[in-house]
Trainee: 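If you scroll down you'll find the structure; I have some questions about it.
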Amino acid sequence: MFIILNDLVKEKIVIVISSIGMFLSTLDTGIINVALPYLKNHFNVSTNTVALTVIGYSTSLAIFIMLFGFLSDTKGKLKIANIGMWLFMLASIFCGITNSIYLIVLFRIIQGIGAAALQATSASLITTLIHPSRQNNAIGTIGIMIGLGPVLGPSLGGLLLSLGSWRLIFLINVPFTLIGIFCIFILERKISEVHYNKQIDIVGFILVALLLSSFLIGLNCLSKVNIKNIGILLIFVSFILSFVVYKFEIRKKFPILNMKIVTSKKVLILLLQTILFGFASAIVFLIPPFLFENILHVSVGITGLLVLGAPIGIALFSKISGRLNDGSKNNIYSLVGIFLMVISFILLSILSNKISYIFITIFLFIYGAGGGFFQPANVSNLMSSVGLSDQGSMSALQRMMQNIAIAVGSSIGSLIMYSFQGNELYGIRTSYFMTLFLMVIILFISCLTYKIWSENKKVSD
């Protein structure tokens, strides 16, 4: 195809590919949730069966994301992103045309594998194909997708379901993936990527897959009384497997999960921040509907608008912080973001049942503003902590840790709300105060470590 593209146009196309991948993969995490009761009745199956459409997607995403991150370093980011687009599109089509819930579960698992390829390459496409001076701005755009995808999923799913066909929930993905595939088709002929020679760590992949699947399935089992003990056992097994993974991967020359990088002081602090943000975001998205509908007695329709405070804040300030930060302000912006999120949780943890819902939306917006400052800076910091040969692996690691943290936050938040069914306001405050406590700790650790890094840099200079 004879198309002349200058560098800026190529970079805009890269941002389109990354944004589509991140948006679709996060959107489909929750887009089907609102349709679960309908699918249960339509196919006349149990709740546990339709729940597999969610569990299968999230589990396969977690299992395969590190593998695709590794492969993107050896085979090329565009190639792996293209595989992800095709898998995601074809699985969406088959989900939308099948008449079997069991086939939907199967194709949702395949869709999750495609999502893993998309998320694994989203940040690394930017850090390897865009000029360093424009990377933070581009990462800010991805931050918008991360903010909008999860919260728009249930809303868009409800809208499509109201149009009279559950199949649209899956088929809506097709035009977006076609755009992504076309953009990759253009770039692959205009850009030559560097490939790094690494031997695939098959045993390490299997061990990490067993670790993640046992942990995530165990978390899901905790919310069900009749299989709660199985959940506890699976989580215990995952902790044992984490020790096995560490011992095995630390000795590998080309590990699927590079423990030497993960356990380095800088990366460890940055990953703790990532985990905390994922956990806090899960609480922020999970709890407000209980607060608005059950405590303040706001209608479902109005609640859907009020909970947009956090994602709007994330989307708006991700772009603003990306434009203002050239990469030299990552540590400062991370601290500003965490500080704003701490302020938000202080306000949320002391709320009463007489507070105006407008104030709560403002508190959620403050959290979103903090997330908008934090997320792009955190991603940029993590990506810059490794060389070009490990950009795909680090991109995948960041998303994997955040996805796991979101799953943990959702499970713990749900357990707290279930435990305080007689006093939901107390359960809501407990969830917020617990998250506040964790955020204050990570803020203190971040301030301390950033100060040490700054002093060490001055000495070395």
Side-chain angles (χ1 to χ4, degrees), residues 13-36 38-39 42 50-65 68 78-122 125 141-142 144-186 311 315 399 403 406:
I13 295 175
V14 170
I15 294 172
V16 169
I17 296 168
S18 297
S19 299
I20 288 175
M22 186 60 73
F23 179 71
L24 289 181
S25 60
T26 53
L27 179 80
D28 273 58
T29 302
I31 195 171
I32 196 175
N33 289 3
V34 70
L36 294 182
Y38 178 87
L39 294 176
H42 180 76
V50 293
L52 291 175
T53 60
V54 177
I55 299 169
Y57 178 90
S58 59
T59 303
S60 62
L61 194 163
I63 287 173
F64 283 91
I65 192 167
F68 282 124
L78 287 172
K79 183 174 184 177
I80 298 303
N82 195 36
I83 292 173
M85 290 287 183
W86 277 102
L87 284 175
F88 201 89
M89 182 181 70
L90 293 175
S92 297
I93 292 172
F94 286 121
C95 280
I97 64 175
T98 187
N99 289 311
S100 167
I101 187 63
Y102 300 103
L103 287 178
I104 291 178
V105 171
L106 172 63
F107 294 130
R108 279 283 287 177
I109 292 172
I110 297 173
Q111 193 181 44
I113 297 173
L118 296 177
Q119 288 199 16
T121 54
S122 188
L125 278 168
T141 302
I142 294 182
I144 296 175
M145 301 302 132
I146 294 173
L148 294 180
V151 74
L152 285 182
S155 301
L156 182 59
L159 175 63
L160 294 174
L161 195 62
S162 69
L163 295 177
S165 177
W166 59 267
R167 299 180 188 277
L168 292 175
I169 290 175
F170 303 108
L171 298 178
I172 189 67
N173 297 321
V174 176
F176 292 101
T177 49
L178 285 174
I179 294 172
I181 289 169
F182 178 71
C183 288
I184 294 172
F185 175 77
I186 294 174
R399 287 307 306 165
N403 288 337
I406 290 172

Trainee: Just how far is it from atom CG of Leu106 to atom OG1 of Thr53, taken to the nearest 0.5 Å?
Mentor: 12.5 Å
Trainee: Is there a side-chain contact between Gln111 and Asp28 (heavy atoms, below 4.5 Å)?
Mentor: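 Yes, their side chains come closer than 4.5 Å.
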Trainee: Mind checking the CD1-CD1 spacing from Ile13 to Ile179? Nearest 0.5 Å is all I need.
Mentor: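 Answer for the CD1-CD1 pair, Ile13 versus Ile179, is 12.5 Å.
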Trainee: If you look only at distance, which donor and acceptor atoms sit under 3.5 Å apart when one is on a side chain in residues 93-103 and the other is two or more places apart or in another chain?
Mentor:
{"residue": "Thr98", "atom": "OG1", "partner": "Ser100", "partner atom": "N", "Å": "3.3"}
{"residue": "Asn99", "atom": "OD1", "partner": "Arg167", "partner atom": "NH2", "Å": "2.6"}
{"residue": "Ser100", "atom": "OG", "partner": "Tyr102", "partner atom": "N", "Å": "3.3"}
{"residue": "Ser100", "atom": "OG", "partner": "Leu103", "partner atom": "N", "Å": "3.4"}

Trainee: Can you find a heavy atom in the side chain of Leu78 that is under 4.5 Å from one in the side chain of Phe185?
Mentor: no
Trainee: Are any side-chain N or O atoms of Asn173 and backbone N or O atoms of Phe170, one a donor and one an acceptor, separated by less than 3.5 Å?
Mentor: yes
Trainee: Locate the shortest heavy-atom distance separating Leu125 from Val14; write the atom from each residue and the value.
Mentor: O-CG1, 3.7 Å
Trainee: Drop me the distance from Gln119's CD to Ile65's CD1, to the nearest 0.5 angstrom.
Mentor: 5.0 Å
Trainee: Can you see which heavy atom on Ile169 is nearest to which on Ala35, and at what distance?
Mentor: CD1-CB, 3.5 Å
Trainee: Under the 3.5 angstrom rule, does the side chain of Ser19 hit a backbone N or O of Val16 as a donor-acceptor pair?
Mentor: no
Trainee: Using 0.5 Å steps for rounding, measure from the CD1 atom of Ile55 to the OG atom of Ser60.
Mentor: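 If we round to the nearest 0.5 Å, Ile55:CD1 and Ser60:OG are 11.5 Å apart.
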Trainee: Which atom names give the shortest non-hydrogen contact between Leu39 and Val50, and what distance separates them?
Mentor: C-CG1, 4.0 Å
Trainee: Testing the basics here: between Ile144 and Ala315, what is the closest heavy-atom pair and its distance to 0.1 Å?
Mentor: CG1-O, 3.1 Å
Trainee: Mind checking whether Tyr38 and His42 have parallel, tilted or perpendicular rings, split at 30° and 60°?
Mentor: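 Plane angle under 30°, so parallel.
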Trainee: Under the side chain to side chain contact (heavy atoms under 4.5 Å, CB included) criterion, do Leu24 and Phe88 qualify, and how do the steps go?
Mentor: CA-CA 9 Å; Leu24 289 181; Phe88 201 89; 3.9 Å; yes
Trainee: Do the side chains of Leu61 and Ile113 get nearer than 4.5 Å, heavy atoms only?
Mentor: no
Trainee: Are more than 12 heavy atoms, taken from residues, nucleotides or ligands other than Phe176, located less than 6.0 Å from that residue's CZ atom?
Mentor: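 Count not over threshold, so no.
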Trainee: Ignoring hydrogens and angles, tell me if any N or O in the side chain of Asn403 forms a donor-acceptor pair with the backbone of Arg399 under 3.5 Å.
Mentor: yes
Trainee: Does any N or O in the side chain of Ser25 come within less than 3.5 Å of the main-chain N or O of Ala115, such that one atom is a donor and the other an acceptor?
Mentor: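 Side chain of Ser25 to backbone of Ala115: no pair is present.
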Trainee: Answer yes or no: is there a donor N or O on one side and an acceptor on the other, between the side chain of Thr59 and the main chain of Gly56, under 3.5 Å?
Mentor: no
Trainee: Out of curiosity, Ile104 CD1 to Ile32 CD1, how far, rounded to the nearest 0.5 Å?
Mentor: 6.5 Å
Trainee: Please find the pair of heavy atoms, one from Ala81 and one from Ile184, that lie closest to each other, and give the distance.
Mentor: C-CD1, 3.8 Å
Trainee: Is a side-chain N or O of Thr177 found less than 3.5 angstrom from the main chain of Met89, in a donor-acceptor match?
Mentor: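 No; judged by distance alone, with no hydrogens or angles, the pair does not exist.
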Trainee: Which pair of non-hydrogen atoms, one from Gly180 and one from Met85, has the smallest distance, and what is that distance?
Mentor: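 So the two residues come closest at CA-CE, 3.9 Å.
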Trainee: Which distance, rounded to the nearest 0.5 Å, do you find between the CZ of Phe64 and the CD1 of Ile110?
Mentor: 10.0 Å
